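What follows is one structure encoded as structure tokens, with my remarks underneath.
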Amino acid sequence: MKNLLILGSTGSIGRQALALFDETAIRERYRLYGLVAYGKNVEDLLEQVARYQPKKVAVYSRSAALELKNLLTPEVEVLWSDEGVEALSTAPEVDVVLSGIAGTSALKPTFAAVKAGKTVALANKESLVSMGELMMKTARSSGAQILPVDSEHSAIFQVLQGRETPYVNRLLLTASGGPFLSLSLTQLKYVKPTDALSHPNWKMGPLVTVNSATLMNKGQEIIEAHHLFQIPYSQIDAVIHPQSIVHSMVEFVDKSVLAQMSVPDMRGAILYALSYPERIPSPLPSLNLTEVGTLTFFEIDPQRFPCYQIARKAAEKGGLYPAVMNAANEVAVSLFLQEQISFTDIPRVIEQTLIEFEKGETPRTFDIDSIFTTDHWARHKAVELCRAISPV
């Protein structure tokens with residue numbers, strides 16, 4: 001039985017992963033060694049500890065850690081701070097780390113787990129967007145295995161099993177198009193955070209849900225696919241698929257196209273990563289194509305989804321450009337959710353931050369320190385740019 005650590009246990013991915021312990025035979029394969037909560041929601045973490053009985057928990061806040069220590073029995077060790085989370089991620093007892101914290105907060109513990117040679121079930125997009133080259137190089141050196149949890153990359157990973165990548169002609173990712181697919185460009189200026197968080201198909205955290213509405217998530221996933229599967233950007237594309245039934249497709253050199261399909265539910269991708277290389281019965285309903293009726297596909301409109309094009313351009317420039325893009329996006333999305341900027345301001349902030357970065361002396365080194373220094377700079381620049389925008 002393997003020991004599992006969940007980074008982000010109180011978030012969307014973490015909750016769905018824990019549900020699989022109740023619903024599937026995953027509980028017969030894993031001992032839940034530790035839980036890491038990014039937020040300060042101590043009550044939810046306490047409930048999880050009582051139900052799943054991990055040996056250790058970690059939080060980022062000192063006050064949350066003190067509260068937990070007062071409420072938990074001495075048998076459960078409580079760690080806190082970046083150092084505490086990283087220590088848990090690299091603990092010798094841990095076999096598999098599920099990286100489910102959204103945003104750059106997961107970069108350090110995820111990188112530490114990869115460096116320590118762990119198997120990492122990766123749901124955190126930013127780990128490969130901001131530092132994909134370094135992450136994959138480190139994994140090759142340490143022997144770490146990175147298993148994709150994003151539904152799109154899980155789909156490609158499943159299709160490629162037993163097939164050599166030299167036979168791949170193209171990767172084709174699918175995007176739902178989010179909740180604003182039918183709105184006019186004028187209407188997009190006036191959408192509110194509650195509108196953006198109402199995704200038609202998927203249950204996700206706020207950052208990922210807004211990224212799905214702007215299609216930044218698809219640009220990020222192009223970058224992820226490039227690093228995970230070592231496929232050139234010129235051979236990776238995406239299309240709008242509103243039904244979210246086809247999760248991705250692989251076209252081979254003979255022009256045969258293989259697709260992976262299932263109902264839109266993140267538990268499927270989580271379950272495959274945790275049961276790989278085997279398959280175990282799933283709690284998801286079977287896909288009924290007669291009920292679905294029609295599967296449709298559309299090209300991505302660059303005017304409606306400028307974030308997708310911004311992400312692709314940053315990817316092609318490489319180096320630290322994706323890290324700048326990612327940091328600026330997180331700031332812009334956060335301020336949109338606080339109703340300090342409009343939905344259509346998000347791509348403006350990201351693009352202008354990248355322009356400002358290009359004006360300066362771009363760092364020549366690409367290591368963990370330069371990534372975080374650049375991330376810090378980009379966040380401050382994005383905040384500065386947002387302040388210059390008229391209030392919503």
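Keep in mind it's a predicted model, so treat the numbers as computed, not measured.
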| query | Leu35 and Leu32: side chain to side chain contact (heavy atoms under 4.5 Å, CB included), yes or no, with the steps? | reply | CA-CA 8 Å; Leu35 299 174; Leu32 195 59; 3.7 Å; yes

| task | Apply side chain to side chain contact (heavy atoms under 4.5 Å, CB included) to the pair Asn217 and Ser212, showing each step before the final yes or no. | result | CA-CA 5 Å; Asn217 72 326; Ser212 180; 3.9 Å; yes

| task | Using the side-chain hydrogen bond (donor to acceptor under 3.5 Å, both in side chains) rule, take Gln338 and Ser334 through it: C-alpha gap first, then chi angles, then the decisive distance, then the call. | result | CA-CA 6 Å; Gln338 296 171 47; Ser334 175; 3.0 Å; yes

| task | Using the side chain to side chain contact (heavy atoms under 4.5 Å, CB included) rule, take Tyr33 and Asp95 through it: C-alpha gap first, then chi angles, then the decisive distance, then the call. | result | CA-CA 9 Å; Tyr33 183 81; Asp95 300 300; over 6 Å; no

| message | side chain to side chain contact (heavy atoms under 4.5 Å, CB included), that's the test. Do Leu385 and Arg348 meet it? Break it down for me. | response | CA-CA 9 Å; Leu385 291 167; Arg348 290 171 55 199; over 6 Å; no

| request: Please lay out, stage by stage, how Asp44 and Arg15 fare under the test salt bridge (charged side-chain N to carboxylate O under 4.0 Å, His left out). | output: CA-CA 10 Å; Asp44 285 356; Arg15 291 176 187 276; 2.4 Å; yes

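By the 30° and 60° cut-offs, the orientation of the rings of Phe357 relative to Trp377 is tilted. Using cut-offs of 30° and 60° for the angle between ring planes, the Tyr52 and Phe21 rings count as perpendicular.
Looking at heavy atoms from C-beta onward, Met325 lies in side-chain contact with Val129 at the 4.5 angstrom threshold. Within the 4.5 Å cutoff, no side-chain heavy atoms of Leu79 are placed close to those of Val85. In this structure the side chain of Leu45 reaches within 4.5 angstrom of the side chain of Val59, judged on heavy atoms. In this structure, Leu5 and Val96 have side chains that are not in contact, with every pair of non-hydrogen atoms separated by 4.5 Å or more. Residues Leu107 and Met131 meet the side-chain proximity criterion, which asks for heavy atoms closer than 4.5 Å. Between Thr24 and Ser282, every side-chain heavy-atom pair lies at or beyond the 4.5 Å cut-off. Using a 4.5 Å heavy-atom cutoff, the side chains of Pro283 and Leu20 are in contact. Taking the side chain as every heavy atom from C-beta outward, Leu171 and Asp237 never approach each other to under 4.5 Å.
Tracing side-chain contacts under 4.5 Å through hydrophobic residues (I, L, V, M, F, W, Y), one reaches Leu160 starting from Tyr167; they form part of the same cluster. In the hydrophobic clustering of this structure, Ile222 groups with Tyr321; members are Ile, Leu, Val, Met, Phe, Trp, Tyr whose side-chain heavy atoms approach within less than 4.5 Å, directly or through other members. Linking Ile, Leu, Val, Met, Phe, Trp and Tyr whenever their side-chain heavy atoms come within less than 4.5 Å puts Ile280 and Leu274 in one cluster. Both Leu185 and Ile310 sit in one connected hydrophobic cluster of ILVMFWY residues. Membership requires side-chain heavy atoms under 4.5 Å apart, directly or through other members.
For the 3.5 Å distance criterion, the side chains of Glu152 and Ser248 fail to qualify, holding no donor opposite an acceptor. Ser63 and Glu67 are not linked by any side-chain donor-acceptor pair at a separation below 3.5 angstrom, with hydrogens and angles left out of the test. Between Gln53 and Arg31, the side chains place no donor N or O within less than 3.5 Å of an acceptor N or O (distance only, hydrogens not considered). A donor and an acceptor atom, one from each side chain of Thr186 and Ser184, are nowhere located under 3.5 Å apart. At a cut-off of 3.5 Å, with distance as the only test, no side-chain donor of Thr90 or Glu86 sits close to an acceptor on the other residue. Side-chain contact annotation: Gln220 with Glu224, donor-acceptor N/O pair under 3.5 Å absent. Under 3.5 Å, the side chains of Asn3 and Glu93 contain no donor-acceptor pair of N or O atoms. Side chains of Thr174 and His247: a donor-acceptor N/O pair is absent below 3.5 angstrom, by distance only. When only modelled atom types and interatomic distance are considered, Tyr276 and Gln161 share a side-chain donor-acceptor pair under 3.5 Å. Counting only N and O atoms by type, the side chains of Tyr308 and Arg312 include a donor and acceptor under 3.5 Å apart.
In this structure, OG1 in Thr138 is found 3.5 Å from CZ in Phe111, a value given to the nearest 0.5 Å. Remark: Thr10 OG1 to Leu46 CG distance equals 11.0 Å, nearest 0.5 Å. Taken to the nearest 0.5 Å, the CE atom of Met266 stands 7.5 Å off from the OG atom of Ser12. Ile368 contributes atom CD1, which lies 9.5 Å from atom OG of Ser130 (distance to the nearest 0.5 angstrom). The CD1 atom of Ile350 sits 10.5 Å away from the CD atom of Glu330 when rounded to the nearest 0.5 Å. With rounding to the nearest 0.5 angstrom, the CD atom of Glu221 is 8.5 Å from the CG atom of Leu215.
Using a cut-off of 4.0 Å between Lys/Arg side-chain N and Asp/Glu carboxylate O, Arg29 and Glu278 are scored as salt-bridged. The pair Glu23-Arg267 meets the salt-bridge criterion, since a charged nitrogen lies less than 4.0 angstrom from a carboxylate oxygen. A salt bridge links Glu358 with Lys317; the closest basic N to acidic carboxylate O contact falls under 4.0 Å. Remark: Lys125 engages Asp150 in a salt bridge, criterion side-chain N to carboxylate O under 4.0 Å. Using a cutoff of 4.0 Å between basic side-chain nitrogens and carboxylate oxygens, Arg387 and Glu384 are not scored as salt-bridged. In summary, Asp195 and Lys192 do not engage in a salt bridge, as defined by a charged side-chain N under 4.0 Å from a carboxylate O.
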Side-chain atoms of residues 97-106: list all donor-acceptor pairs with protein atoms under 3.5 Å, sequence neighbours left out, distances to 0.1 Å.
{"residue": "Ser99", "atom": "OG", "partner": "Thr110", "partner atom": "OG1", "Å": "2.7"}
{"residue": "Thr104", "atom": "OG1", "partner": "Arg379", "partner atom": "NH2", "Å": "2.5"}
{"residue": "Ser105", "atom": "OG", "partner": "Tyr38", "partner atom": "OH", "Å": "3.0"}

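In Arg163, the CZ atom is crowded: over 12 heavy atoms of neighbouring residues, nucleotides or ligands sit closer than 6.0 Å. Within a 6.0 Å radius of CZ in Arg27, other residues, nucleotides and ligands contribute more than 12 heavy atoms. Heavy atoms of other residues, nucleotides or ligands lying less than 6.0 angstrom from OH of Tyr233 number more than 12. Within a 6.0 Å radius of CD in Glu133, no more than 12 heavy atoms belonging to other residues, nucleotides or ligands are found.
Under the side-chain contact (heavy atoms from CB on, under 4.5 Å) rule, Ile341 has a single partner from Asp345, Leu337, Thr344, which is Asp345.
Ring centroids of Phe180 and Phe343 are separated by less than 6.0 Å, placing the two rings close together.
Within the structure, side chain to side chain donor-acceptor pair (under 3.5 Å) pairs that include any residue of residues 296-305 comprise Gln243-Thr296 (at least two apart or interchain).
Annotation for Pro193 and Phe336: closest pair CG-O, 3.3 Å, computed over non-hydrogen atoms. Pro322 approaches Ala315 most closely through the heavy-atom pair CG-CA, 4.3 Å.
Between the side chain of Ser142 and the backbone N or O of Ala116, no donor-acceptor pair lies under 3.5 Å.
Applying the under-4.5 Å side-chain rule to Ile, Leu, Val, Met, Phe, Trp and Tyr, the cluster around Leu284 extends to Leu172, Val239, Ile245, Val246, Met249, Val257, Met261, Val263, Leu287, Leu289, Val292, Leu295, Phe297.
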